[in-house]
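Values below: all heavy atoms of this structure, side chains included; hydrogens, waters and symmetry mates excluded. Just so it is clear, the structure is predicted and the values come from calculations on it, not from any experiment.
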Amino acid sequence: SLKDDKAQISCALFRSNSFGLGFTPENGMLVRARGRVSLYEARGNYQLIADSLVRSGDGLLRAKFELLTNGLAAEGLFDEQQKKPLPAYPTRIAIITSPSGAALRDILNVLQRRWPLAAIRVYGVPVQGDEAAPAIVEALASANRHNWAQVIITGRGGGSLEDLWAFNEETVARAIF
């Protein structure tokens, strides 16, 4: 999908048009696309059939992420000496994620197979949208205030950089720290 702050459109770039691009398109990348609009009749959706794709930079979100990461690193938030050691065999694990998402099912599945003795407490939060970052921060604060968990997992499933941006917000990074 091609997106800006106001709209999005599905896009197809066929292999015959992708030779010689010189880059691999990634989520969040700023590009210019040229092509024709067509109707995908099976779903009744319009889409852009791209003839060419030109990289226009790393995109606003990627640049914002790099700026934030560099700033937090300069403050020492990622320094090894700041990290707490993980218990080898935690018996109480908190999970902060969407209560209805695939990420929770995956985490629970792995824990059931690898460490079924652990007690689990789920803090359900939205993982995308404007309300996600504040909810994640509040869930982290609650988990720490309850002082029940030995380990806190903050997780999410797949999605576009834009959809899951809440996990890259400064408030979330500081709450995790």
Decide whether R113 and N109 meet the rule of one side-chain donor and one side-chain acceptor closer than 3.5 Å. yes
Can you see which heavy atom on [X] is nearest to which on [Y], and at what distance?
X: V125; Y: A139; answer: CG1-CB, 3.7 Å
X: R174; Y: L72; answer: NH2-CD2, 3.6 Å
X: S98; Y: L104; answer: O-CB, 3.7 Å
X: G157; Y: A103; answer: N-CB, 3.4 Å
X: G35; Y: L48; answer: C-CD1, 3.8 Å
X: N168; Y: F65; answer: OD1-CE1, 3.5 Å

Where at least one partner belongs to residues 116-129, residue pairs that pass side-chain hydrogen bond (donor to acceptor under 3.5 Å, both in side chains), sequence neighbours excluded: Y123-H146
Tell me whether the count of non-hydrogen atoms from other residues, nucleotides or ligands lying under 6.0 Å of [atom1] in [X] goes above 12.
X: R32; atom1: CZ; value: no
X: Y46; atom1: OH; value: no
X: Q82; atom1: CD; value: yes

Is the backbone of [Y] close enough, under 3.5 Å, to the side chain of [X] for a donor and an acceptor to pair up by distance?
X: T97; Y: G155; value: yes
X: Q150; Y: P87; value: no
X: N70; Y: E66; value: yes

When clusters are formed by joining ILVMFWY residues with side-chain heavy atoms under 4.5 Å apart, either directly or through shared neighbours, do V172 and I152 land in the same one? yes
Sequence neighbours excluded, which residues qualify as salt bridge (Lys or Arg N to Asp or Glu O under 4.0 Å) partners of [X]?
X: E138; value: R145
X: E131; value: none
X: E169; value: none

Measuring only between side-chain heavy atoms, which start at C-beta, is I96 closer than 4.5 Å to V122? no
Any side-chain heavy-atom pair from V31 and V54 closer than 4.5 angstrom? no
Apart from F14 itself, what residues make up its hydrophobic cluster when side-chain heavy atoms of I, L, V, M, F, W and Y under 4.5 Å apart count as a link, directly or indirectly? I49
Applying salt bridge (charged side-chain N to carboxylate O under 4.0 Å, His left out) as the test, list every pair that has at least one member in residues 77-102; sequence neighbours left out. E80-K83
